[in-house]
Number of protein chains: 2
Amino acid sequence: MAKKLAESCGLGPAFSVIGGKWKALILWLIRTEPRRFGELKRLVPDISEKMLIQQLREMEAHGLVHRKVFHEVPPRVEYSATPLGVSLDDALVPLAEWGKQHAERIGAQQAAE
Amino acid sequence: MAKKLAESCGLGPAFSVIGGKWKALILWLIRTEPRRFGELKRLVPDISEKMLIQQLREMEAHGLVHRKVFHEVPPRVEYSATPLGVSLDDALVPLAEWGKQHAERIGAQQAAE
DNA sequence: TAAGGTACCTACCTGGACGTAAGTATTGAG
DNA sequence: CTCAATACTTACGTCCAGGTAGGTACCTTA
């Protein structure tokens, strides 16, 4: 797996935790304020419920996300970023900046979609 | 595609360019000095030739990598990072740092492999 | 009785990322 | 005439992230 190499630059672990289609976006959304499941579903309209819950669970297992259950009726669950999650989101900021700055150049080649 | 959202945080374009299993590693390897095809193949022993050339071509198309052909015999090709490539690699540094710092915590949950 | 809103869970399927293995063109060395 | 070494190219197969669609349990309102 070229593990030694991948880990030597630290990106292996990072990508294993934030990789995939949705996690970065979810982390970004709960970074500032706790969000309910249904709220996230509405904020990311193209995600399926299965994916949303799956990503949240994985992020919870990785210690990026805190899950708080309110024993009410109807049920209510809030997801928020842990300090670790916030630190990861911070580490993503430069990449996001880069993406914004060069979005056009890149978008040009992917004009479709 | 939740494009507006994904782009609003800039990570969409960035991931579309550096995502996947190999690109970040390749970029990291050619960042400091030009590398030959066979050299990269040796440095990333688990990559197949097909994947290597495919990733290099995509990165070239995205303007991250420069390809220089020496018309010699035997043939010789050198790949190097463009300024854009270097800037992207810079943007990845904080993420790599984060990965290094938390590699253990993460690795613990993926003990296998 | 039934309809609607939470927050999930489960089985099944598809597309594309990725891997494997073989072939190409060139030329010098033996 | 064959072999080695370069940098690819091509056909084919596999596997899993992600998508689809339906179901669960609970309570409220009408």
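Note on naming: letters A, B, ... go to the chains in the order of the sequence lines (proteins, then strands), and numbering restarts at 1 for each one. None of the values given here were measured: they were computed from a predicted structure.
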Tell me: [atom1] of [X] to [atom2] of [N], nearest whole Å?
| X | N | atom1 | atom2 | answer |
| --- | --- | --- | --- | --- |
| A:Lys41 | C:dT6 | NZ | P | 7 Å |
| A:Phe15 | D:dA17 | CZ | C1' | 16 Å |
| A:Leu40 | C:dA7 | CG | P | 10 Å |
| A:His71 | C:dA7 | NE2 | P | 14 Å |
| A:Arg76 | D:dT28 | CZ | P | 17 Å |
| A:Ile53 | D:dG19 | CD1 | P | 15 Å |
| B:Lys68 | D:dA7 | NZ | C1' | 17 Å |
| B:Leu56 | D:dT9 | CG | P | 11 Å |

* Asked: Roughly how far apart are A:Leu52 CG and A:Ile26 CD1, rounded to 0.5 Å?
  ->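 Nearest 0.5 Å value for the CG-CD1 distance: 5.0 Å.
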
Within a strict 4.5 Å, meaning less than it, do heavy atoms of the [X] and [Y] side chains meet?
| X | Y | value |
| --- | --- | --- |
| A:Asp46 | A:Trp22 | yes |
| B:Leu40 | B:Leu56 | yes |
| B:His102 | A:Ser87 | yes |

* To do: Have a look at A:Glu39 and tell me which of A:Arg36, A:Arg35, A:Arg42 forms a salt bridge (Lys or Arg N to Asp or Glu O under 4.0 Å) with it.
  =>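 In the set A:Arg36, A:Arg35, A:Arg42, the residue that makes a salt bridge (Lys or Arg N to Asp or Glu O under 4.0 Å) with A:Glu39 is A:Arg35.
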
So, OP1 or OP2 of [N]: does either fall under 4.0 Å of a side-chain N or O from [X]?
| X | N | value |
| --- | --- | --- |
| B:Arg57 | D:dC8 | yes |
| B:Tyr79 | D:dC8 | yes |
| B:Arg36 | D:dA7 | yes |
| A:Arg67 | C:dC8 | yes |

* So A:Leu92 and A:Trp28, side chain to side chain contact (heavy atoms under 4.5 Å, CB included) or not? Walk me through it. -> CA-CA 9 Å; A:Leu92 285 169; A:Trp28 186 64; over 6 Å; no

* How does protein reach along nucleotides 14-28 of chain C, written 5' to 3' as B (base within reach of a heavy atom under 4.0 Å), S (only sugar-phosphate), or - (no contact)? -> ----BBB------S-

* Mind running side chain to side chain contact (heavy atoms under 4.5 Å, CB included) on B:Leu95 and A:Leu11 for me, showing each step along the way? => CA-CA 7 Å; B:Leu95 192 57; A:Leu11 285 170; 4.1 Å; yes

